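See structure below.
Predicted, not measured: the structure shown is a model, and the values here were computed from it.
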Amino acid sequence: MAVREPTIRPAEIADREAFIAMALRSWFDAYTALLPQAEIADAPAMMARAWEKRWTEFRVADLNGALAGFYSLGDVQDLADVNYLWHLYVDPGWQRRGIGRALNRAALTEIASRGARSAWLDVLEGNAKARAFYTALGWQETGRDPEDPMLVLMEVDTAGNR
């Protein structure tokens, strides 16, 4: 069941605790069965480090104050990563309600505003749910990451898939 369209906005410092909690639920949902236990155990510290380092780069899906998901992009100054969708996560409690589609649209719009005609991402091979989600939104698998063959590379045209 779709919900009303969320407000996609930059994260604010006051979002810290809610963001980390939502991001952890999303991350655990995606990776608990796929990654080694040591990485799972480190996830809370990893998410806190990510917040401290990149919080100004996160865009959140806000539904009347509830954070339902987020995305972040690659470095705008790096030509190889200017069109990289680094993260897109939806809180498991909000999945399959249009939040991911809204985040995807916002991310592609932001990437297009950077002058990029296409966007790319990588997804863990075993993450079938994420691969199906992106495929349904028009993303196409383009190969494997040469540095990590467990990562599937995907690409989409920014103009036609927002």
Side-chain angles (χ1 to χ4, degrees), residues 2-12 15 19-20 22-31 34-35 39 43 46-47 49-63 67-92 94-162:
V3 297
R4 71 168 182 78
E5 191 76 10
T7 300
I8 308 297
R9 63 168 176 81
E12 300 169 356
D15 292 327
F19 177 91
I20 290 173
M22 173 270 299
L24 279 172
R25 286 189 299 273
S26 304
W27 194 89
F28 286 140
D29 181 62
Y31 297 114
L34 299 175
L35 295 177
E39 286 185 55
M46 179 254 326
M47 202 59 70
R49 288 188 305 268
W51 173 266
E52 298 308 322
K53 183 177 180 181
R54 295 181 45 97
W55 74 268
T56 60
E57 299 170 36
F58 293 127
R59 306 295 181 256
V60 296
D62 184 324
L63 287 163
L67 300 186
F70 74 100
Y71 77 85
S72 70
L73 304 178
D75 185 350
V76 71
Q77 303 301 319
D78 182 343
L79 291 178
D81 287 341
V82 69
N83 61 340
Y84 177 44
L85 177 56
W86 191 2
H87 299 106
L88 192 158
Y89 290 93
V90 176
D91 189 314
W94 290 102
Q95 290 176 2
R96 305 202 56 81
R97 297 182 186 188
I99 305 299
R101 287 180 180 277
L103 287 164
N104 184 71
R105 268 192 314 277
L108 294 181
T109 297
E110 188 173 344
I111 289 170
S113 77
R114 296 174 168 194
R117 293 178 183 247
S118 67
W120 71 278
L121 60 80
D122 53 37
V123 62
L124 199 58
E125 177 182 42
N127 193 342
K129 185 163 67 169
R131 290 172 69 187
F133 167 76
Y134 290 118
T135 299
L137 294 176
W139 292 78
Q140 295 186 2
E141 294 186 10
T142 58
R144 302 292 172 137
D145 183 327
E147 295 177 20
D148 186 349
M150 296 302 290
L151 292 176
V152 176
L153 302 175
M154 300 184 82
E155 191 170 345
V156 71
D157 176 19
T158 58
N161 286 288
R162 290 184 270 159

Any side-chain donor-acceptor pair under 3.5 Å between S118 and E155?
->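 Looking only at side-chain atoms, E155 and S118 do form a donor-acceptor pair, the distance falling under 3.5 Å.
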Y134 vs W139 aromatic rings, parallel, tilted or perpendicular, using cut-offs 30° and 60°?
->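 Answer is perpendicular, since the angle exceeds 60°.
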May I ask you to decide if the ring planes of F70 and Y89 are parallel, tilted or perpendicular, using 30° and 60° as cut-offs?
->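 The arrangement is parallel - the two ring planes meet at less than 30°.
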Minimum heavy-atom separation for [X] and [Y], please, with both atom names.
X	Y	value
R144	P149	NH1-O, 3.2 Å
R114	D75	NH1-C, 4.2 Å
V82	V76	CG2-O, 3.5 Å
L73	R54	O-NH2, 3.1 Å
L103	V90	CD1-CG2, 4.0 Å
P92	R25	CG-O, 3.5 Å

Q140 atom CD: more than 12 heavy-atom contacts under 6.0 Å =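 Atom CD in Q140 is not packed in, count stays at 12 or less.
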Are [X] and [Y] packed together at the side-chain level, in the sense that at least one heavy-atom pair is separated by less than 4.5 angstrom?
X	Y	value
L137	R105	no
F133	N127	no
V156	N104	no
Y31	E39	no
F58	D15	no
D81	W86	no
D122	Y84	yes
L63	I99	yes

Check against side chain to side chain contact (heavy atoms under 4.5 Å, CB included), R117 and N83 = CA-CA 8 Å; R117 293 178 183 247; N83 61 340; over 6 Å; no
Can you tell me if S72 uses its side chain to pair, donor with acceptor, with the backbone of E57 under 3.5 Å?
->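 A pair under 3.5 Å: no.
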Are the side chain of S113 and the backbone of E110 linked by a donor-acceptor contact shorter than 3.5 Å?
->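 Yes, the answer is positive, given that a donor and an acceptor are paired below the 3.5 Å cut-off.
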Value rounded to 0.5 Å, distance of CD1 in I20 from CE in M47 |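 Separation between the atoms: 8.5 Å.
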Would you give the length of the straight line joining atom CE of M22 to atom CG of L67, rounded to the nearest 0.5 angstrom?
->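 Here the interatomic distance stands at 5.0 Å.
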Please say which of L108, V60, L85 ends up in a side-chain contact (heavy atoms from CB on, under 4.5 Å) with Y71.
->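 The side-chain contact (heavy atoms from CB on, under 4.5 Å) with Y71 is passed solely by L85 among L108, V60, L85.
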